[in-house]
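Notes follow once the structure below has been shown.
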Protein chains: 4
Amino acid sequence: MIDFLPDKPIYQQIMEKIFGDLLKGNVKPGDRLPSVREYALEFGVNANTMQRVYKELELLHLTETKRGQGTFVTEDMQRLEELREEMKQTLVTTFLNQMESFGFTEEEIIVQLSSRKRGELN
Amino acid sequence: MIDFLPDKPIYQQIMEKIFGDLLKGNVKPGDRLPSVREYALEFGVNANTMQRVYKELELLHLTETKRGQGTFVTEDMQRLEELREEMKQTLVTTFLNQMESFGFTEEEIIVQLSSRKRGELN
Amino acid sequence: MIDFLPDKPIYQQIMEKIFGDLLKGNVKPGDRLPSVREYALEFGVNANTMQRVYKELELLHLTETKRGQGTFVTEDMQRLEELREEMKQTLVTTFLNQMESFGFTEEEIIVQLSSRKRGELN
Amino acid sequence: MIDFLPDKPIYQQIMEKIFGDLLKGNVKPGDRLPSVREYALEFGVNANTMQRVYKELELLHLTETKRGQGTFVTEDMQRLEELREEMKQTLVTTFLNQMESFGFTEEEIIVQLSSRKRGELN
DNA sequence: GTGGTCTAGACCACG
DNA sequence: GTGGTCTAGACCACC
């Protein structure tokens, strides 16, 4: 179920997965997340690696940690929406910049996008 | 003119830039590329870094080294086209996978893409 | 009314609050303090946490526990005065050491202190 | 020369020391800081601990790390000044809040401050 | 049981 | 040689 890319820090990949779960609503605001040790087992990583994941999530104000009780998803919906929007813009902007830097035309981009979507979604 | 992202290998960023120049036609097949030292100066990087760039470009068969004469862009147009297509697919696939993993809907993606394009291109 | 700092033990924060009440005279020597359970409810913390608060207060000879009757503020005024003086010195010394370790000049300290006081007190 | 307080993370204490050096001007903007390994030796801590120190300093935009070259003090003097001012305010505010929460009068604070200063500076 | 800190040591990517 | 990642395992503070 979990296979990490070799060229990207594991803790980042886990962060992104949890972040994705948050944005997709799989995890609700206020929910208690699994403990560091539980997640470490589930993902097959060291507890310290998970520790770091939670620390970074907290820096983004996505989670709050309550001493001795666990880690909780922020209830600040606005912050969540902000990050979601920010992420969307960043991904799209980065994508378009890359395409442009490699000289792909707008038409090519559209064609490729739609062909991929057909392949995926139909 | 050159500002490297801190989170990506410099040699890769330079590779991408040269690759982009190739794809965009700024550099023509058969053209002689600047020497390692020239480029190292231009980009303000270590000569070893440029060495690696050229090595990797050669592994992709994008360039050929002629002893004592310098490094030249491949004249194998087909190879160039192959890589161009491959790159296009990779970028688009990666982009869509990311968007999906963060739970963005197809509609959102379209809206964001078109709004960005308007901002950029008009 | 109660919001605990995340980076400091809750039991210490509660201790400081009660200590402050003592020093400010909100609570008089000989007064009976609320029971562990009452305080636990009021502060919204675990009863064990309050237990610890009382234990530490007793170690400081600030309170005395009478079996079956509850916890009472010490009537030893001298002890109270001692602790008050001690606390004052500790706080001031710590403050000055910190300011010094960050290289703030005596003048800066004075200016900042007086500007803050004006803002607060007038 | 270095003795760490037992009740505060070592990495924080080191951070504060370096931060203090920055604010005091012992280290100039643009200066290269000792490497992780050098500092680890000097402070007698693990290299990972120093790694963390540098990471946190970077989050504060106090340092910049150049791949394979080392860690450098930011040249953004404004950022430095900002943090200095912020730190000054935070320390003073925290100090006054604490004194107030323990019921010390303004006069007591002034007396204690000046007596400490005499002890220290004359 | 929870999260947080620290150490020791290995390995990698980069310049 | 530089910083960065990861693991393994110990120990602590808090609830």
Side-chain angles (χ1 to χ4, degrees), chain A residues 4-14 32-40 43-58 63-72, chain B residues 4-14 36 40 43-53 56, chain C residues 4 6-14 40 43-53 56, chain D residues 4-14 32-40 43-58 63-72:
Chain A
F4 296 113
L5 301 176
D7 55 330
K8 212 180 198 177
I10 290 178
Y11 78 91
Q12 273 184 26
Q13 299 181 50
I14 296 179
R32 185 179 172 285
L33 292 176
S35 80
V36 164
R37 291 160 173 92
E38 283 168 347
Y39 252 156
F43 289 135
V45 300
N46 186 283
N48 289 349
T49 305
M50 272 313 302
Q51 193 92 317
R52 174 146 189 199
V53 170
Y54 275 2
K55 186 165 170 267
E56 304 267 347
L57 287 173
E58 205 165 354
T63 59
E64 289 162 13
T65 174
K66 296 183 189 166
R67 351 170 104 267
Q69 300 183 41
T71 301
F72 297 80
Chain B
F4 296 113
L5 302 176
D7 55 331
K8 211 179 196 177
I10 290 178
Y11 80 91
Q12 272 184 25
Q13 299 182 51
I14 297 178
V36 163
F43 289 134
V45 299
N46 189 301
N48 290 339
T49 305
M50 274 313 302
Q51 201 74 292
R52 174 150 190 193
V53 170
E56 304 265 351
Chain C
F4 295 114
D7 54 330
K8 211 180 196 178
I10 288 178
Y11 79 91
Q12 271 184 27
Q13 299 181 50
I14 296 178
F43 289 135
V45 300
N46 189 301
N48 291 339
T49 305
M50 272 313 301
Q51 199 73 292
R52 176 151 189 190
V53 170
E56 305 266 350
Chain D
F4 296 113
L5 302 176
D7 56 329
K8 212 179 199 178
I10 291 178
Y11 78 91
Q12 273 183 25
Q13 299 182 50
I14 297 179
R32 183 179 173 285
L33 292 175
S35 78
V36 165
R37 290 161 173 92
E38 283 167 349
Y39 253 154
F43 289 134
V45 299
N46 186 283
N48 289 350
T49 304
M50 273 313 302
Q51 194 92 317
R52 172 144 192 201
V53 170
Y54 274 3
K55 185 165 171 268
E56 304 268 347
L57 287 174
E58 206 166 353
T63 59
E64 290 162 12
T65 175
K66 297 184 188 164
R67 349 168 108 268
Q69 298 183 43
T71 301
F72 298 80

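Keep in mind that this is a model prediction, so the values were computed, not measured. The sequence lines fix the lettering, A, B, ..., with proteins before strands; numbering per chain opens at 1.
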Roughly how many Å is it from CE in A/Met50 to C1' in E/dG4, rounded to a whole number?
14 Å
Kindly determine whether A/Val53 and A/Met50 satisfy side-chain contact (heavy atoms from CB on, under 4.5 Å), including the steps that lead there.
CA-CA 5 Å; A/Val53 170; A/Met50 272 313 302; 4.1 Å; yes
Please name the nucleotide paired to F/dT5 by Watson-Crick or G-U wobble geometry with both distances under 3.5 Å, or report none.
E/dA10
Is the base of F/dG1 touched by the side chain of D/Arg37 through a donor-acceptor pair closer than 3.5 angstrom?
no
How long is the line joining CZ of B/Phe43 and P of E/dG15, in whole Å?
13 Å
Does the A/Gln12 side chain pair with the main chain of A/Pro9, one donor and one acceptor, at a distance under 3.5 Å?
no
In sequence, state the C-alpha distance, the side-chain angles, and the governing distance for A/Tyr54 and A/Val36, and then conclude on side-chain contact (heavy atoms from CB on, under 4.5 Å).
CA-CA 8 Å; A/Tyr54 275 2; A/Val36 164; 3.8 Å; yes
A/Val45/A/Tyr39 under side-chain contact (heavy atoms from CB on, under 4.5 Å): CA gap, chis, key distance, verdict:
CA-CA 8 Å; A/Val45 300; A/Tyr39 252 156; over 6 Å; no
note: A/Asn46, atom CG; F/dG9, atom C1'; distance rounded to Å ~ 9 Å
Identify, between A/Ile10 and C/Tyr11, the residue whose nearest nucleotide on DNA chain F lies closer to the 5' end.
A/Ile10
Sub-3.5 Å donor-acceptor pair from the side chain of B/Gln13 to the main-chain atoms of B/Lys8, do we have one?
yes
When the distance from CG of D/Asp7 to P of E/dC6 is rounded to whole Å, what number comes out?
11 Å
Could you please name the option among F/dT5, F/dG4, F/dC14 that lies closest to any side-chain atom of D/Thr65?
F/dG4
Rounded off to whole Å, could you give me the CD-to-P distance for the A/Glu56 and F/dC6 pair?
11 Å
Interatomic distance where CD belongs to A/Gln69 and P belongs to F/dA13 [whole Å]:
19 Å
Using only modelled atom types and a 3.5 angstrom limit, is any donor from either the side chain of A/Gln51 or the base of E/dG4 paired with an acceptor on the other?
yes
From CD of B/Gln12 over to P of E/dC14, roughly how many Å is that when rounded to an integer?
6 Å
Given F/dG3, is OP1 or OP2 found less than 4.0 Å from the side-chain N or O atoms of D/Thr71?
yes
Please classify the nucleic acid contact of C/Asn48 as base, sugar-phosphate, or nothing, using heavy-atom distances under 4.0 Å.
nothing
Measure from NZ on B/Lys8 to C1' on F/dG4 and round the result to the nearest Å.
18 Å
Residue mapping more 5' on DNA chain F - nearest nucleotide basis, A/Thr49 or C/Pro9
A/Thr49
Under 4.0 Å: is that the gap between some side-chain N or O of C/Arg52 and OP1 or OP2 of F/dC15?
no
N or O in side chain of A/Ser35 less than 4.0 angstrom from E/dT2 OP1/OP2:
yes
